[in-house]
Amino acid sequence: MDGSSGVIRVLEGGAFCLNHHGAVLKPISPSLNLYWVAQQCEYRLKQLASNQGASATLTTEQLKKFALDISTPIEVQDRIGNMRKLLLDKYTSLFE
């Protein structure tokens, strides 16, 4: 919610710890490609932050009002989401 607001990480499973600087967003449908959701939301969430720098802050109220248009065809969602996942996987493997 503050620090690097708008950065979205998709967790596909397992336990995790989150401090007061983060928020957990849950999809309304299990059929959504979460990587597509992250791609669609990340830039817009950064724009909502009250400060665009390192101390950017989002509020719970802003997140509750945030809407995502899911009318994009599922094939497009999957293509975009899968590309984001592929790029993140390749980036992450550079540091392992």
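Just so you know, residue 1 is the first one in the sequence shown, and it goes up from there.
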Problem - Joint cluster assignment, Ile80 & Ile70, ILVMFWY side-chain distance < 4.5 Å - result: yes
Practice task
Answer with yes or no whether the hydrophobic clustering places Leu68 together with Val76; edges join I, L, V, M, F, W, Y residues whose side-chain heavy atoms lie under 4.5 Å apart.
Solution key: yes
Handout entry: Residue list, side chain to side chain contact (heavy atoms under 4.5 Å, CB included) with Leu88, at least two apart or on another chain
Key = Tyr35, Arg84
Exercise for the section: To the nearest 0.5 Å, tell me how far Leu94 CG sits from Asp89 CG. Expected result: 11.0 Å
Completion exercise
Taking every heavy atom of Ser31 against every heavy atom of Ile74, the minimum-distance pair comes out as O-CD1, 4.0 Å
Exercise for the section: Please confirm whether the backbone N or O of Ile8 pairs with a side-chain atom of Glu42, one donor and one acceptor, at under 3.5 Å? Expected result: yes
Practice task
Determine, for Glu61 against Lys65, whether the closest basic-nitrogen to carboxylate-oxygen distance falls under 4.0 angstrom.
Solution key: yes
Handout entry: Nearest-0.5 Å distance that lies between atom CG in Leu87 and atom CG in Asn82
Key = 11.0 Å
Exercise for the section: Using the test ring-ring contact (aromatic ring centres under 6.0 Å, His included), find all partners of Phe16 that sit at least two apart in sequence or belong to another chain. Expected result: none
Problem - Closest non-hydrogen atom pair, Val10 against Ala38 - result: CG2-CB, 4.2 Å
Handout entry: Backbone N/O of Thr72 and side chain of Gln77: donor-acceptor pair under 3.5 Å
Key = yes
Handout entry: Spacing of Leu34 atom CG and Leu11 atom CG [to the nearest 0.5 Å]
Key = 9.5 Å
